[in-house]
Student: 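Let me give you the structure first, and then I'll get to my questions.
All values below were derived from every heavy atom in this structure, side-chain atoms included, with hydrogens, water molecules and symmetry-related copies excluded. Note on naming: letters A, B, ... go to the chains in the order of the sequence lines (proteins, then strands), and numbering restarts at 1 for each one.
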Amino acid sequence: MTARVRIAPSPTGPLHIGTARTALYNYLHARHVGGTFILRLEDTDRARSTTEFEKDILDGLHWLGLDWDEGPEVAGEPARGPHAPYRQMERLPSYEAAAQRLLGLDLAYPCYCTAEELEADRRAQEAARQPPRYVGRCAHLTVEERRAREADGRRGAIRFRVGEGTVAFDDLIRGRVEIDVANLGGDFVIVRADGTPLYHFTVVVDDAAMEVTDVIRGEDHLSNTPKHILLFRALGHEVPRFAHLPLILNADRTKMSKRKSQTAIDDYIAQGFVREALVNYLALLGWSTGTEEEILSLDELVERFDLGEVHKGGAVFDRERLEWMNGQWIRRLEPEDLIDRLRPFVEAEMVAGRIERMPTDEELRTLLPVIQERLPTLGAIGDLVGFLWVADVEVDPGTLVPKRWDPATTRDGLAAARQTIEAVGDVSFEADELEPPLRALAESRGWKAGDLFMAIRVAVTGRTATPPLFDTLVALGRDRVLSRLDRAIETLAA
RNA sequence: GCCCCCAUCGUCUAGAGGCCUAGGACGCCACCCUUUCAAGGUGGAGAUCAGGGGUUCGAAUCCCCUUGGGGGCACCA
């Protein structure tokens, strides 16, 4: 049978790094073995699920390039796949039917315990230093007792009978795992009193209905797997294979969380990380090819991926390494592609009021050779060359004076440079035309070229770190270079 | 508290009994290139393979224990 895998996010928050990585591994496995990749939305937590988050998650996964074969929408088109719908709130009847089946078999039963009773049990267990578990108060009610409670207006939740014995499975990543059902916390609720089904139940009903063969998910579900296996069996379905992925960790090695790390994919996108880098980085967080290759495209990853080689231990998320990888990918982008990707970030600078005009594509294209290798992220564009797109720059007199120079020398230097640059004329205002005369100027006055260049750099850009000076002067244009030099000279005269 | 999982440089990792005086990458430090910043190149510091017992002629690699870390134990997912 051909492999069927799925990613089943809950639309209760924006697309999380961990969800993206789980989706990626499912995708890589499906594509590697020629299987089917399914997307299913687990939206049974009505209180927290929203359509905004749903859209955010779908958009994020599309952005990463992790296209699915079956799901609530596929490639922008409406629900496709033999097992639609792919949104759990639209599959309620199937859970209802499954619950009735379990009830009929007495594999599940209605439970009328109140939140207060359960809370009291929990406190008592805690006081006795016992693990929390359902005490089974409603496990063996007679028909009359149930009827009496229903008559009281109490609506029962449905609990699944856990029974006795041990459940074992062969995890594709961890090997054999055995758990005594006595440690499962007692009979667990599969349907709330309000009739809505719970995660442990829906996940099994759906994985069975959608004929999922390999459940690839985070390690945080490992301890819950026996519950799922018990449900698969009770429902009379074949149990799928499981693969539990190592967790992505905060710097302190706890499960990655919003509090301690940046977890929303959106934020990475907004900062200018490119999909290739995110995919590449995430793929190698918990898995490696076994070779020393590390810059790999999605297709190359698919080709090399092997679930069995995935690590068992958690991996700390290292943003520095991601940034390095992002730089690697930015440098590999085709010029036109890079310009397309840069445009929204330049617009964002505009919106934020950090620049005063939009550069043309032609300007960006000209700039590319000197900025492509200087961008750690697309979002760094403003920092790098924003001074080109504002009317005037703030120049701090302190930084204007090179370390080995004094204010008077700086003023002389800038004045002389101004003359030299003006003499170049505007017909041939090119880097090749500017450099020789300015070097000659420095030499004739006994200045180190670097000092002169630094003074000019700060005068026209307001900063000490910029792309190469002559390219920068050309990008700025003769008029602005001259007027900024004038302003800087004034600053020193005062 | 109970159950489960995990354990190689600060971080991501290679390593599946001898090739390991443990390799690569990020980060860090030098140097080279160089008008600054990057990028690139070269080199360096950095892991007694968590600790202790075994097994073996031989262990980072296999077994056991200890320690440490993490995850799970909801009418959340």
Student: Answer with base, sugar-phosphate or nothing: what part of the nucleic acid does A:D220 contact at a heavy-atom distance below 4.0 Å?
Tutor: sugar-phosphate

Student: Which sits closer to the 5' end of RNA chain B, A:K312 or A:R133, going by the nucleotide each is nearest to?
Tutor: A:K312

Student: Rounded to the Å, how far apart are A:D180 CG and B:rC4 C1'?
Tutor: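 Rounded to whole Å, this separation is 12 Å.
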
Student: What is the nucleic acid contact for A:R463, judged by heavy atoms within less than 4.0 Å: base, sugar-phosphate only, or nothing?
Tutor: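 It contacts nothing in the nucleic acid.
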
Student: Mind calculating the distance between CD (A:E292) and P (B:rG15) to the nearest angstrom?
Tutor: 10 Å

Student: Taking B:rG44 as the reference, what is the distance to B:rA22 when you measure between their P atoms (whole Å, please)?
Tutor: 13 Å

Student: Can a cation-pi geometry be assigned to A:R463 and A:F387, taking NZ or CZ under 6.0 Å from the six-membered ring centre and within 45° of the ring axis?
Tutor: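 No, A:R463 does not sit over the ring of A:F387.
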
Student: Let's see if you can work this out: which of B:rU36, B:rG72, B:rU35 has an atom nearest to the side-chain heavy atoms of A:L469?
Tutor: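 Nearest to the side chain of A:L469 among the choices is B:rU35.
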
Student: Is A:Q419 atom CD crowded by more than 12 heavy atoms from other residues, nucleotides or ligands, each under 6.0 Å away?
Tutor: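 No, not enclosed.
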
Student: List, with names and distances, any nitrogen or oxygen atoms from the protein found under 3.5 Å away from nitrogen or oxygen atoms belonging to nucleotides 68-70 of chain B.
Tutor:
none

Student: Counting side-chain heavy atoms from CB outward, which of B:rC75, B:rA74, B:rC4 is closest to A:R159?
Tutor: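 Of the options given, the side chain of A:R159 lies nearest B:rC75.
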
Student: Heavy atoms only, 4.0 Å cut-off, all strands: where does A:R321 land among base, sugar-phosphate and nothing?
Tutor: base

Student: Side chain of A:D318: nearest nucleotide among B:rG10, B:rU13, B:rA74?
Tutor: B:rG10

Student: What does A:R457 touch in the nucleic acid at a heavy-atom separation under 4.0 angstrom: a base, only the sugar-phosphate, or nothing?
Tutor: base

Student: If you measure from the C1' atom in B:rG23 to the same atom in B:rC6, how many Å do you get, rounded?
Tutor: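 That atom pair is separated by 24 Å.
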
Student: Work out how far the C1' atom of B:rG46 is from that of B:rG10, and round it to whole angstrom.
Tutor: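 The same atom, C1', in both gives a distance of 9 Å.
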
Student: Could you check whether A:F188 and A:F201 have their ring centres less than 6.0 Å apart?
Tutor: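 No, they do not, as the ring centres are separated by 6.0 Å or more.
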
Student: If we take the C1' atom in both B:rA47 and B:rU21, what is their distance in whole Å?
Tutor: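 Straight-line distance between the two C1' atoms is 14 Å.
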
Student: If I take atom CE in residue A:M256 and atom P in nucleotide B:rC12, what distance separates them, rounded to the nearest angstrom?
Tutor: 12 Å

Student: Only counting residues at least two apart or in another chain, list the ones meeting salt bridge (charged side-chain N to carboxylate O under 4.0 Å, His left out) with A:D56.
Tutor: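 Scan of A:D56 (salt bridge (charged side-chain N to carboxylate O under 4.0 Å, His left out), adjacent residues dropped) gives none.
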
Student: Can you tell me the distance, in whole Å, between the CG atom of A:L414 and the P atom of B:rU35?
Tutor: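 A:L414 atom CG is separated from B:rU35 atom P by 19 Å.
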
Student: For A:E293, is the CD atom crowded, meaning more than 12 foreign heavy atoms sit under 6.0 Å from it?
Tutor: yes

Student: Provide the distance between the two P atoms, one in B:rU55 and one in B:rU13, to the nearest whole Å.
Tutor: 34 Å

Student: Applying a 3.5 Å limit to both distances, which nucleotide forms a Watson-Crick or G-U wobble pair with B:rC49?
Tutor: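 Here B:rC49 is not engaged in any pair, so there is no nucleotide opposite it.
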
Student: With heavy atoms under 4.0 Å as the rule, sort A:T464 into base, sugar-phosphate or nothing.
Tutor: base

Student: Between B:rA77, B:rC5, B:rU36, which nucleotide has the shortest distance from any of its atoms to the side chain of A:H221?
Tutor: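 Nearest listed nucleotide: B:rA77.
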
Student: Output the single nucleotide from B:rC75, B:rA25, B:rC2 whose closest atom is nearest the side chain of A:E294.
Tutor: B:rA25

Student: Between A:H311 and A:G313, is there a donor-acceptor pair closer than 3.5 Å when you use the side chain of the first and the backbone of the second?
Tutor: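 No: the side chain of A:H311 does not pair with the backbone of A:G313.
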
Student: Name the nucleic acid region contacted by A:P376, choosing base, sugar-phosphate or nothing; use a 4.0 angstrom heavy-atom cut-off, strictly under.
Tutor: nothing

Student: What integer number of Å spans the P atoms of B:rU8 and B:rG15?
Tutor: 14 Å

Student: Under 4.0 angstrom, heavy atoms only, what part of the nucleic acid is A:T196 near: base, sugar-phosphate, or nothing?
Tutor: nothing

Student: Could you tell me the Watson-Crick or G-U partner of B:rC75, where both distances fall under 3.5 Å? Say none if there is no partner.
Tutor: none

Student: Over 60° means perpendicular and under 30° means parallel, so classify the ring planes of A:F242 and A:F232, tilted if in between.
Tutor: perpendicular

Student: Identify which nucleotide among B:rA77, B:rA38, B:rU11 has an atom closest to any side-chain atom of A:V316, counting heavy atoms from C-beta outward.
Tutor: B:rU11

Student: Heavy-atom nearest nucleotide on RNA chain B for A:R192 versus A:T466: which residue maps closer to 5'?
Tutor: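 Its nearest nucleotide being more 5', the pick is A:T466.
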
Student: Over all strands shown, is A:G218 touching base, sugar-phosphate only, or nothing at heavy-atom distances under 4.0 angstrom?
Tutor: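 No contact.
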
Student: In whole angstrom, what separates A:Y199's OH from B:rG72's C1'?
Tutor: 12 Å

Student: Suppose we define a pair by two distances each less than 3.5 Å, Watson-Crick or G-U wobble; what does B:rA25 pair with here?
Tutor: B:rU11

Student: Measuring from the side chain of A:V177 (C-beta onward, heavy atoms only), which nucleotide among B:rC5, B:rU36, B:rA39 has the closest atom?
Tutor: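 From the listed options, B:rC5 comes nearest.
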
Student: Looking at A:R146, A:E150, A:R149, which hits side chain to side chain donor-acceptor pair (under 3.5 Å) with A:Y112?
Tutor: A:E150

Student: When the C1' atoms of B:rA45 and B:rG27 are considered, how many whole Å apart are they?
Tutor: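 Here B:rA45 and B:rG27 have their C1' atoms 13 Å from each other.
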
Student: Have a look at A:S223 and say if it touches a base, only the backbone sugar-phosphate, or nothing, with a 4.0 Å heavy-atom cut-off.
Tutor: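 Counting heavy atoms under 4.0 Å across all strands, the contact made by A:S223 includes a base.
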
Student: For A:P467, answer base if it contacts any base atom (sugar-phosphate contacts may also be present), sugar-phosphate if it contacts only those atoms, and nothing otherwise; contact means non-hydrogen atoms under 4.0 Å.
Tutor: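 Touches a base.
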
Student: Is there a salt bridge (charged side-chain N to carboxylate O under 4.0 Å, His left out) between A:R137 and A:D121? Walk through the geometry before answering.
Tutor: CA-CA 10 Å; A:R137 190 164 21 237; A:D121 291 344; 2.6 Å; yes

Student: Mind checking if A:L198 touches a base, just sugar-phosphate, or nothing, with heavy atoms under 4.0 Å?
Tutor: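 The answer is sugar-phosphate, as A:L198 gets under 4.0 Å only of primed atoms, P, OP1 or OP2.
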
Student: When you check the gap from the basic side-chain N to the acidic O, do A:R341 and A:E276 get nearer than 4.0 Å?
Tutor: yes

Student: May I ask you to say what A:A157 touches in the nucleic acid, namely base, sugar-phosphate or nothing, with a heavy-atom cut-off under 4.0 Å?
Tutor: base

Student: Donor-acceptor check, side chain of A:R87 to backbone of A:D43, threshold 3.5 angstrom: yes or no?
Tutor: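 Checked: no pair found.
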
Student: Name the nucleic acid region contacted by A:H244, choosing base, sugar-phosphate or nothing; use a 4.0 angstrom heavy-atom cut-off, strictly under.
Tutor: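 No contact.
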
Student: Looking for any heavy atom pair under 4.0 Å, which part of the strands does A:Y281 touch: base, sugar-phosphate only, or nothing?
Tutor: nothing

Student: Cation-pi between A:R319 and A:F317: NZ/CZ under 6.0 Å from ring centre and within 45° of the ring axis?
Tutor: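 No, A:R319 and A:F317 do not form such a contact.
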
Student: Between the protein and nucleotides 40-48 of chain B, list every N/O to N/O distance that falls short of 3.5 Å.
Tutor:
unit_1, atom_1, unit_2, atom_2, d
B:rG40, OP1, A:Q328, NE2, 3.2

Student: Report the nucleotide, chosen from B:rC6, B:rC4, B:rA77, that has the shortest atom-to-atom distance to any side-chain atom of A:T44.
Tutor: B:rA77

Student: Should the pair A:W405 and A:W447 be assigned to parallel (<30°), tilted (30 to 60°) or perpendicular (>60°) ring geometry?
Tutor: tilted

Student: With rounding to whole Å, what would you report as the distance between B:rC20 and B:rA14 at their C1' atoms?
Tutor: 11 Å

